[in-house]
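Working notes, structure below.
Note that the numbering runs from 1 along the sequence shown for the chain.
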Amino acid sequence: MSIFEDRLWKKDKILRRRIEIDNTLYEGLIKIVEEYDTDISNLVNMAIENLINTEKVELYERAKEEIVEAHNFSIREGFYRELEKLKSKYGISVYKLTNIAIYNALND
């Protein structure tokens, strides 16, 4: 296996999705983008991939005054299909699963 296969994803169709994200989670992603050569959609895809692999689907406690805003993301179609499977399995919406994925990625 080459270094490229370890670091890059195979080509996949990209879906544009508008997903509501907790503001504190989005701010955490912005801090990472300021430090690394990536964009927020890539970070969201990485977080989703991690959630798919670990199935660490645990609800977290959100601050009472948390602001939630909708943002547009480019999500890999294969990852989105897997999120829909997790949605069926756990009865949790795709938007909540995405927030859980980002929360896990930022806090692990």
*On the 0 to 90° scale, with breaks at 30° and 60°, tag the Trp9-Phe79 ring pair as parallel, tilted or perpendicular.*
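Perpendicular: the ring planes of Trp9 and Phe79 meet at over 60°.
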*asked:* Under 4.0 Å between a side-chain nitrogen and a carboxylate oxygen: does that hold for Glu49 and Arg76?
replied: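 Looking at Arg76 together with Glu49, the answer is no, because their closest N to O distance does not fall below 4.0 Å.
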_Ionic contact status for Lys31 with Glu35, cut-off 4.0 Å_ = no
*Around atom CZ of Arg16, are there more than 12 heavy atoms of other residues, nucleotides or ligands at under 6.0 Å?*
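It does: Arg16 CZ has more than 12 such atoms within range.
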*asked:* Same cluster or not: Val33 versus Met46, using hydrophobic residues (I, L, V, M, F, W, Y) connected whenever any side-chain heavy atoms lie under 4.5 Å apart?
replied: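 Same cluster: Val33 reaches Met46 through Ile, Leu, Val, Met, Phe, Trp or Tyr contacts under 4.5 Å.
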*Could you tell me which residues satisfy side chain to side chain contact (heavy atoms under 4.5 Å, CB included) with Lys96, sequence neighbours excluded, listed by chain and number?*
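If we apply the side chain to side chain contact (heavy atoms under 4.5 Å, CB included) test to Lys96, skipping adjacent residues, the hits are Ile92, Ser93.
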*Partners of Asn23 by side chain to side chain contact (heavy atoms under 4.5 Å, CB included), sequence neighbours excluded?*
Glu27, Glu66, Ile67, Glu69
*Would you call Ile40 and Ile32 a side-chain contact if the rule is heavy atoms closer than 4.5 Å?*
no
*So do Phe73 and Ile21 actually touch side chain to side chain, heavy atoms under 4.5 Å?*
yes
*Looking at Tyr80, does the NZ or CZ of Arg17 lie under 6.0 angstrom from its six-membered ring centre and within 45 degrees of the ring axis?*
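The answer is yes; both the distance and angle limits are met.
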_Testing the 3.5 Å rule here: is there a donor-acceptor pair between the side chains of Tyr103 and Asp108?_
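Checked: Tyr103/Asp108 side chains show no N/O donor-acceptor pair below 3.5 Å.
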_Quick one, Lys85 with Glu82, criterion salt bridge (Lys or Arg N to Asp or Glu O under 4.0 Å). Give me CA distance, side-chain angles, the key distance, then yes/no._
CA-CA 5 Å; Lys85 289 178 186 176; Glu82 293 298 320; 3.1 Å; yes
